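Below is one structure, written out as structure tokens; the observations come after it.
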Amino acid sequence: MELNIYLYLIVFIVTADFIFDQWLDYLNKKAWTNTVPDALADVYPTDKFEKHKLYRSANYRFGIVNHLFSFVLLMSVLLMGGFSLADGWAAAMSINPIWRALIFFAIIGIVSTVINIPFSWYDTFVIEAKFGFNKTTPKIFWTDLLKSLLLGALIGGPLMAALIWFYTALGDWFWLAAWGLVAFFTVFMAMFYTTLLLPLFNKQTPLPEGELRQAIEAMGQRAGFKIDNIVVMDGSKRSTKANAFFSGFGPKKRIVLYDTLINDLSVDEITAVLAHEIGHYKLKHILWGTLIGIAQTGAILFVFSKVVSAPQLSMALGVETPQFHIGLITFGILFTPISMVLGLVGSWLSRQNEYAADAFAAKHADGIYLVSALKKISANALSNVTPHPVYVFFHYSHPPLLDRIGEIEKVQI
Ligand SMILES: [Zn+2]
């Protein structure tokens, strides 16, 4: 295949991105500590800290192999014309541009899912199992995989079909219709995620009567949040790791509490964690996050609409006549540096929101219990205690544990 300037650019961006990620991982490894930080001494007895060290090493090695494999694979696909091969198969099956694109993405989606299975299997059944985290059975593993593929087809398929239909019907203005559709879909998903999608993977039950519910009700009243919107989810079905999250807005708002969190934490600690989640809602983090995401999508779609028809985008991947789906792949890779910057801004905002929700929790519950809850959650998951600041800047949606503890202690006093 003939090399064009865009292909060189793509190869350069993919390589630079890979090297940069390896460098970040290396920096992060350099920041590992061999002694327990004083603030965490109570949750890390010596044997547990030894386990923490082994876990981060295992994850580091796995990350290197995984990233290297993905890099070599993507490079081979790019340089050997893999995308144009897949497009050729799709074109042989249908001349309709929508079906051609859907078949193309189905091929890419299925192939990448299948290639990723050994990595995902190793992570779940070797690393996570070795450190006592894994509860996933092979049956759950395979059904999760099938459900994800089906959902991808049922949701991604019609969305992609609509985008291409807009493109063929509206030309340059397709981005506006696409934006409207994506915005509607984003809001719909944010609202109905816990009632439509989550039940396919997990059971959610109302918080049972008892001491915990009473404590949470009292706190909810102080913070102005109705307790009916709190459910317990069977996270223990897959992993011992604990979590809680807020989802949706308006009448569809809901706080989801993992059953593992209830097993690991005291009533006061759970109440503090829930106060943090209520903080996200009261401080409108979900609403703003959704609106910012929609604005960003609009800007990206606008830029995309300006370049999608350029024959060079399709030719870069070895496809002679411009195709929407090939342009989308090329654009996605060329856009990597910009999406990295957008991601940085998003993560920074998210970390600020975490501090704000922590402060809210310290005010409406008890900061001391929030600190002990965060310490237990982090230690039970053997999370890296000293991530490198540059790594945090690029990859962390939550501030590192020790920074959060420092900030909570400031507002608590
Ligand atoms: Zn949070």
Side-chain angles (χ1 to χ4, degrees), residues 43 189-191 193-194 198 202 204 207 216 219-220 222-227 229-233 235 239 241-249 252-262 264-266 268-293 343-381 383-385 387 391-412:
V43 285
M189 271 299 139
M191 288 188 81
Y193 170 69
T194 53
L198 196 56
N202 283 96
Q204 299 167 89
L207 194 65
I216 294 171
M219 181 273 297
R222 285 197 301 276
F225 189 85
K226 260 224 239 96
I227 196 80
N229 301 317
I230 301 176
V231 296
V232 181
M233 187 192 95
S239 171
K241 290 179 180 173
N243 204 353
F245 65 89
F246 194 99
S247 172
F249 26 68
K252 285 289 168 191
K253 60 182 178 290
R254 182 178 282 186
I255 292 176
V256 179
L257 190 63
Y258 282 41
D259 55 355
T260 40
L261 198 77
I262 298 180
D264 294 351
L265 305 185
S266 72
D268 288 321
E269 289 165 342
I270 299 168
T271 307
V273 169
L274 284 178
H276 168 101
E277 297 304 330
I278 291 173
H280 279 310
Y281 171 69
K282 284 283 168 185
L283 301 169
K284 301 199 165 29
H285 293 160
I286 315 291
L287 189 65
W288 277 109
T290 310
L291 289 177
I292 291 171
L344 280 180
V345 176
S347 312
W348 181 82
L349 268 176
S350 165
R351 291 194 300 272
Q352 302 310 309
N353 287 346
E354 291 306 322
Y355 284 129
D358 282 346
F360 182 94
K363 193 171 151 202
H364 294 279
D366 190 332
I368 290 169
Y369 287 117
L370 182 62
V371 167
S372 66
L374 293 175
K375 280 160 70 171
K376 276 191 197 169
I377 294 169
S378 174
N380 287 349
S383 306
N384 184 11
V385 292
Y391 190 91
V392 171
F393 185 67
F394 279 93
H395 285 314
Y396 271 45
S397 61
H398 286 56
L401 176 65
L402 292 173
D403 294 358
R404 284 178 81 174
I405 294 175
E407 288 301 312
I408 297 166
E409 279 166 356
K410 270 189 223 160
V411 287
Q412 187 72 14

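Reckoned from all heavy atoms, side chains included, excluding hydrogens, waters and symmetry mates. In listed order, ligands and their atoms are each counted from 1. Nothing fancy with the numbering, it's 1 onward along the sequence. What you are looking at is a predicted structure, and each value in this text was computed from that prediction instead of being measured.
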Salt-bridged, K410 to E407, with N to O below 4.0 Å? yes

Can you check the angle at the Zn ion (ligand 1) formed by OE2 of E354 and NE2 of H280? Round it to the nearest 10°. 80°

Within the 4.5 Å heavy-atom criterion, are I377 and L401 side-chain neighbours or not? no

Of all the atoms in H398, is at least one N, O or S atom closer to the Zn ion (ligand 1) than 2.8 Å? no

So I230 and E277, side-chain contact (heavy atoms from CB on, under 4.5 Å) or not? Walk me through it. CA-CA 10 Å; I230 301 176; E277 297 304 330; over 6 Å; no

N/O/S of E277 less than 2.8 Å from the Zn ion (ligand 1)? no

Is the shortest heavy-atom distance from the side chain of K253 to the side chain of F225 under 4.5 Å? yes

